[in-house]
Protein chains: 2
Amino acid sequence: MDRRTSGPSSGAALLFLTDEQLRQGIEAMFFAYRGFTADPDRILADMAYGRAHHRAIHFIGRAPDTTVNNLLNILGVTKQSLNRVLRTLIADGLVESKVGRKDKRERHLTLTQAGRALEQTLSDAQRARMRTAFREAGPDAVAGFRTVLEAMMDTEMRASYSRLKDTTT
Amino acid sequence: MDRRTSGPSSGAALLFLTDEQLRQGIEAMFFAYRGFTADPDRILADMAYGRAHHRAIHFIGRAPDTTVNNLLNILGVTKQSLNRVLRTLIADGLVESKVGRKDKRERHLTLTQAGRALEQTLSDAQRARMRTAFREAGPDAVAGFRTVLEAMMDTEMRASYSRLKDTTT
DNA sequence: GATATTATGTCAGTGTTGTTGACACTCCAA
DNA sequence: TTGGAGTGTCAACAACACTGACATAATATC
């Protein structure tokens, strides 16, 4: 049963992948994601916030002055769900919402000083883990990691990801 | 400071990682995980089940005859939370719970035929995406992907992961 | 044999985060 | 000016996590 290499798919030799290999990939993803969120989760548990708040803070910090709709597309939740989170963040003075100058229907979101401070705390924790993992794995592994993750995204998510990647560089 | 000579984990030369690179890793992880769960989520949405059921089914299928406690450790949730899920799965005839022969306090969990069928459906969808991503990325990238994910896990999670990886060959 | 510990299950209550449905306001274009 | 698209809010509900308290049975320990 010599099937390690089959015909070419899009140039390179088609990988033969056993269900077992794929399964390990699935489980790796599951366990790693838990680690990935563990540190911020711990910090947020002490406050009245959760993972949804973290995500909102992250992407507002990443793209200041973003609109609610833009954030909605990135996060992939309903506007009602996001609104609950935004309401508390605004009420607590972490996020500022300004009515759009050009289009008054839009709300432009920005982190306040306090918001930036929390964002820093959260992403420091998350980056620390990411940095350790990247260093342990080495640069080639990191490149592969990113390549596979990008290939695993839905098309629209990949678009959001690339857009963010490019705007900040 | 010559640090080029060390073990594989303290590694080759210490990588210099900008916050921006780490942030991209974080966002890649976020978007990719969404894609990772999207297909099973869609299937489960039509039934009365959610992601929690999927996880339970996956790991029971992976390690048949596992105990509740073992499952608890793997999933990292409370017994109350797991119990709610298991109760419905058992009531619906997807999972069988047998009292332990040696230790009668234990319940050993196994998928029924119907359970295996659902497991197959769910993991077919998830594996299909994983396979496509792996093929697009190529074998080196896949190796790197796994290396980074393993490095990102918590220690106990890495232990669970390795145990599962080894038991199935 | 009495007592403690372990494994499991259950009830009740709570919080976060997702969902629909209904509705109001703003803008733009026909 | 009217209708539709875009945007945001309120209310109600479901899934799934949590804690705490308690029950039961089996096992381990003294």
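Within every chain, numbering begins at 1; the chains are lettered A, B, ... in the order of the sequence lines, protein sequences first and strands thereafter.
To the nearest angstrom, C1' of D:dT19 lies 15 Å from CG of A:Asp46. Here the C1' atom of nucleotide C:dC27 and the CZ atom of A:Arg101 are 17 Å apart, to the nearest Å. For the pair B:Glu106 CD and D:dA28 C1', the interatomic distance rounds to 14 Å; values are reported in whole Å. Here D:dG8 presents its C1' atom at 13 Å from NE2 of A:His108, a figure rounded to the nearest Å. Note: CE (A:Met47) to C1' (C:dG15) measures 17 Å, nearest angstrom. For the pair B:Asp41 CG and D:dA15 C1', the computed distance is 12 Å after rounding to whole Å. Taking atom CG on A:Leu44 and atom P on D:dA17, their separation rounds to 18 Å, with Å as the unit. Taking atom CG of residue B:Asn83 and atom C1' of nucleotide D:dA17, one finds them 14 Å apart after rounding to whole Å.
Across all strands, A:Lys102 comes closer than 4.0 Å to no nucleic acid atom at all (heavy-atom distances). Within the nucleic acid shown, A:Lys79 comes within 4.0 Å of at least one base atom, counting heavy atoms only. When heavy atoms are screened at a 4.0 angstrom cut-off, A:Thr67 is found touching no nucleic acid atom at all. B:His53 comes within 4.0 angstrom of the backbone, heavy atoms only, and of no base.
The salt bridge (charged side-chain N to carboxylate O under 4.0 Å, His left out) with A:Glu27 is formed by just one residue from the set B:Arg62, B:Lys165, B:Arg146; it is B:Arg62.
Of the residues near DNA chain C, B:Asn70 and A:Arg105, the one whose nearest nucleotide (by heavy atom distance) lies more toward the 5' end is B:Asn70. When each of A:Gly76 and A:Asp103 is assigned the nucleotide of DNA chain C bearing its nearest heavy atom, the one mapping closer to the 5' terminus is A:Gly76. Position along DNA chain D of the nearest nucleotide to B:Arg55 versus B:Lys104 favours B:Arg55 as the more 5'-ward residue.
Below 30°, between 30° and 60°, or above 60°: for A:Phe59 and B:Phe31 the angle between ring planes is between 30° and 60°, a tilted geometry.
Scanning atom types as modelled, one donor and one acceptor separated by under 3.5 angstrom connect the side chain of A:Gln80 and the base of C:dG21. Donor-acceptor pairing under 3.5 Å, judged by distance alone, is present between the side chain of A:Arg84 and the base of C:dG18.
Between the side chains of B:Gln126 and B:Ser123, no donor N or O sits under 3.5 Å from an acceptor N or O. Counting only N and O atoms by type, the side chains of A:His53 and A:Thr88 include a donor and acceptor under 3.5 Å apart.
Contact between the side-chain N/O atoms of A:Thr78 and the OP1/OP2 oxygens of C:dT19 is found at a separation under 4.0 Å. A close approach under 4.0 Å does occur between a side-chain nitrogen or oxygen of B:Asn69 and OP1 or OP2 of C:dT8.
The two residues B:Arg131 and A:Asp19 come nearest to each other via the heavy atoms NH1-OD1, 4.1 Å.
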